[in-house]
Each structure stands twice: as C-alpha cells, then as structure tokens.
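What follows is a short report on a single structure.
This one's a predicted model, so the numbers in the text were calculated from it and none came from an experiment.
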Amino acid sequence: MTLSPYTYVTVSMRPGQPSRFNVSFCSAELRVDAWLGDTGKPCLDLNTSNASVTVSTSGPVTDHDVTVAREIFNAAARYLADCERLHSGQTDKATGSEAA
C-alpha cells in the first residue's frame with residue numbers, strides 16, 4: 001500500500017505540563033539543509049511544502065550539542081541504510097531476482 005505524501009503535526013497541551021509538538025514528514029518531497037545562521041550557530045532544517053523544523057544550538061556550541069549532532073548523524077546513517085536495503089529489495093522483486 002502506498003500513501004500520498006503527507007505531513008502530520010500534533011500538539012498536546014495538558015494543564016500543569018509542558019506542551020508537546022510532534023511533526024512527522026512522510027514524503028519524498030522532504031528537503032534537508034545544514035547551514036550556519038547569521039550569528040554563527042549551526043542549523044539543520046527539515047522542510048516540506050507544508051511544514052519545517054529547524055534544529056540549532058541555544059548559544060555557543062557545547063559538548064552536549066556535539067553529542068546530539070553525532071546522534072543525529074548516526075540516526076540519519078541508519079535511516080539511509082534502511083532505505084537502501086528496502087529499496088534494493090523492492091528493485092530485486094520488480095526485476096524478478098532474489099535479494100542477497
């Protein structure tokens with residue numbers, strides 16, 4: 001089953017608790033960019049035509065910021081590996097050959 005591209009946003013607000021925002025990008029139209037802001041802060045943007053998310057530091061880069069950046073990098077590498085593996089399997093099925 002193939003769904004049309006979509007962006008799903010939810011906001012949870014409960015008395016006495018912090019608000020929580022969730023954004024899901026389920027789209028091949030997703031754009032990703034990394035850049036340095038005007039103040040020299042590193043920024044990572046995830047965008048579709050419907051929504052965007054920017055990740056940045058709150059001030060000078062700390063050890064924790066570097067750790068989080070590594071976690072983002074490692075998660076993106078796992079996402080890439082999963083996409084490549086699944087895409088390869090789909091290609092193998094479409095051509096009638098068996099996956100390795």
Same apolar cluster (I L V M F W Y, side chains within < 4.5 Å links), [X]/[Y]:
X: Val32; Y: Trp35; value: no
X: Val55; Y: Val23; value: yes
X: Ile72; Y: Phe25; value: yes
X: Val53; Y: Val68; value: yes

Notebook entry, point to check: Going from CG on Leu44 to OG1 on Thr54, what distance comes out if it is rounded to the nearest 0.5 angstrom?
Noted result: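 Those atoms lie 8.0 Å apart.
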
Check: Say you draw a straight line from CG of Asn50 to OH of Tyr6; how long is it, rounded to the nearest 0.5 Å?
Finding: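 Taking CG in Asn50 and OH in Tyr6, the distance rounds to 12.5 Å.
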
Next item on the list: Only pairs at least two apart or in different chains count here, so list each salt bridge (Lys or Arg N to Asp or Glu O under 4.0 Å) that has a residue in residues 74-90.
Entry: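 The answer is Asp82-Arg85.
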
Notebook entry, point to check: Any sub-3.5 Å donor-acceptor pair from Thr62's side-chain atoms to Asp65's backbone N or O?
Noted result: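 Flag set: sc Thr62 to bb Asp65 pair under 3.5 Å.
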
If you compare all heavy atoms of [X] against all heavy atoms of [Y], which two are closest, and at what distance to 0.1 Å?
X: Glu29; Y: Pro5; answer: OE2-CG, 4.3 Å
X: Cys43; Y: Gly37; answer: SG-N, 4.2 Å
X: Ser19; Y: Met13; answer: OG-CG, 3.4 Å

Note to self: Determine whether Leu46 and Leu30 satisfy the following criterion, side chain to side chain contact (heavy atoms under 4.5 Å, CB included), listing intermediate values before the conclusion.
What the structure shows: CA-CA 7 Å; Leu46 303 171; Leu30 183 65; 4.3 Å; yes

Check: Taking atom types as modelled, is there a side-chain donor on Ser27 or Thr48 under 3.5 Å from an acceptor on the other?
Finding: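 Their side chains do not contain a donor-acceptor pair, so the 3.5 Å distance test is not met.
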
Margin query: Go through it in stages, so that I can follow the logic: the residues are Arg20 and Asn22, the test is side chain to side chain contact (heavy atoms under 4.5 Å, CB included), and I'd like the CA-CA distance, side-chain angles, deciding distance and then a yes or no.
Written below: CA-CA 7 Å; Arg20 180 165 174 83; Asn22 295 303; 3.6 Å; yes

Margin query: For Asn74, is the CG atom crowded, meaning more than 12 foreign heavy atoms sit under 6.0 Å from it?
Written below: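 Correct, the count exceeds 12.
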
